Amino acid sequence: MMRKTEKVWLIGLTVLTMGVVTTATTTQAEAASWHAGTPKALRGTWHRTYHDQGNKISMHFKVSGKSIDLARKNHTESKWTNLKYRQIGKGTYLLVGTYKTGELTEKSSRLKIIKRKNQLKFKNAWSSKYEYLGWYQHS
């Protein structure tokens, strides 16, 4: 027969273990949930300037509550709408929505965005061939 002290320790250990398991499960479920729109941490206007074949190119990436616009002089504007997102790491987000540029419309398009301090970079995530195009600065 177990002594009273051993029973108390066993019950305490069981309660503690159950609490840790419940907390871990809740945290994982929250991290995997999808949210409508765009993350507040990404909202605002971002820009990037670089040189290509001797020409200075400026790109603007604008994140609003429900859409994202990418503009570059003398190019068709790209736009992501009907967005939802989830955080997949520290400062890293996966967004899913409709991508449109010119006549091309791609539903269920995926976009991966990484934010570090006052910079972000992104890539279209529908193919592993697409790379991050460089860091955008917050305007």
Side-chain angles (χ1 to χ4, degrees):
M1 191 160 159
M2 292 176 80
R3 286 183 267 158
K4 194 174 191 177
T5 309
E6 290 174 345
K7 285 182 181 180
V8 170
W9 277 103
L10 182 60
I11 291 170
L13 183 60
T14 302
V15 168
L16 181 63
T17 303
M18 297 278 290
V20 170
V21 169
T22 303
T23 303
T25 304
T26 302
T27 305
Q28 289 173 353
E30 289 171 1
S33 62
W34 288 90
H35 308 281
T38 61
K40 288 181 182 177
L42 303 179
R43 294 181 191 166
T45 303
W46 305 82
H47 71 277
R48 176 174 179 248
T49 303
Y50 64 97
H51 293 277
D52 184 23
Q53 298 177 354
N55 296 319
K56 182 179 177 181
I57 309 229
S58 293
M59 297 180 71
H60 298 278
F61 189 76
K62 183 178 180 184
V63 181
S64 66
K66 295 184 178 185
S67 66
I68 298 174
D69 297 296
L70 178 64
R72 188 168 109 182
K73 190 175 182 178
N74 298 327
H75 282 80
T76 305
E77 183 177 300
S78 299
K79 187 173 191 93
W80 290 266
T81 57
N82 303 320
L83 292 168
K84 63 182 180 179
Y85 73 94
R86 74 175 188 196
Q87 188 168 0
I88 57 175
K90 183 179 179 184
T92 304
Y93 302 90
L94 180 65
L95 291 90
V96 177
T98 302
Y99 172 74
K100 184 166 178 66
T101 182
E103 297 297 316
L104 171 69
T105 299
E106 178 70 34
K107 295 188 180 202
S108 298
S109 175
R110 292 178 291 134
L111 183 66
K112 188 175 180 183
I113 301 177
I114 299 174
K115 181 179 183 237
R116 298 287 184 261
K117 297 184 181 179
N118 287 328
Q119 298 180 324
L120 66 76
K121 64 181 177 177
F122 74 94
K123 71 176 182 174
N124 289 314
W126 58 69
S127 171
S128 60
K129 294 178 185 177
Y130 288 91
E131 297 295 324
Y132 291 103
L133 299 175
W135 289 99
Y136 287 72
Q137 308 296 319
H138 197 264
S139 298

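In this chain, residues are counted from 1 in sequence order. All values derive from a computational prediction rather than experimental measurement.
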*Asks:* Hey, what do you get for CZ (Arg86) to OG1 (Thr92), rounding to the nearest 0.5 Å?
*Replies:* 12.0 Å
*Asks:* Could you tell me how the ring of Phe61 sits relative to the ring of Tyr136: parallel (under 30°), tilted (30 to 60°) or perpendicular (over 60°)?
*Replies:* tilted
*Asks:* Tell me, do Val96 and Leu83 make a side-chain contact under 4.5 Å, heavy atoms counted?
*Replies:* no
*Asks:* Under 3.5 Å, side chain of Arg43 to main-chain N/O of Thr38, donor-acceptor pair present?
*Replies:* yes
*Asks:* Give a yes or no on whether Lys62 atom NZ has more than 12 heavy-atom contacts from other residues, nucleotides or ligands under 6.0 Å away.
*Replies:* no
*Asks:* Does Thr101 reach the main-chain N or O of Leu104 with its side chain, forming a donor-acceptor pair under 3.5 Å?
*Replies:* no
*Asks:* Given side chains that start at C-beta, do those of Lys100 and Thr81 come closer than 4.5 Å, heavy atoms only?
*Replies:* no
*Asks:* When rounded to the nearest 0.5 angstrom, what distance separates CD1 in Ile88 from OH in Tyr93?
*Replies:* 10.5 Å
*Asks:* Could you tell me the separation between the CH2 atom of Trp135 and the NZ atom of Lys121, rounded to the nearest 0.5 Å?
*Replies:* 4.5 Å
*Asks:* For a quick test of reading the model, state the closest non-hydrogen atom pair linking Lys90 to Arg116 and the distance between them.
*Replies:* O-NH1, 3.0 Å
*Asks:* Which atom pair, heavy atoms only, marks the closest approach of Ala71 to Glu77?
*Replies:* CB-OE1, 4.4 Å
*Asks:* Roughly how far apart are Lys115 NZ and His138 NE2, rounded to 0.5 Å?
*Replies:* 7.0 Å
*Asks:* Partners of Lys79 by salt bridge (Lys or Arg N to Asp or Glu O under 4.0 Å), sequence neighbours excluded?
*Replies:* Asp69
*Asks:* How many angstroms lie between atom CD of Gln137 and atom CD of Gln119, to the nearest 0.5 angstrom?
*Replies:* 4.0 Å
*Asks:* At what distance, to the nearest 0.5 angstrom, does CH2 of Trp80 lie from CG of Leu95?
*Replies:* 10.0 Å
*Asks:* Could you walk me through whether Leu42 and Tyr85 pass side chain to side chain contact (heavy atoms under 4.5 Å, CB included), step by step?
*Replies:* CA-CA 11 Å; Leu42 303 179; Tyr85 73 94; over 6 Å; no
*Asks:* Can you see whether Ser78 engages Tyr99 through a side-chain donor-acceptor pair at a distance of less than 3.5 angstrom?
*Replies:* yes
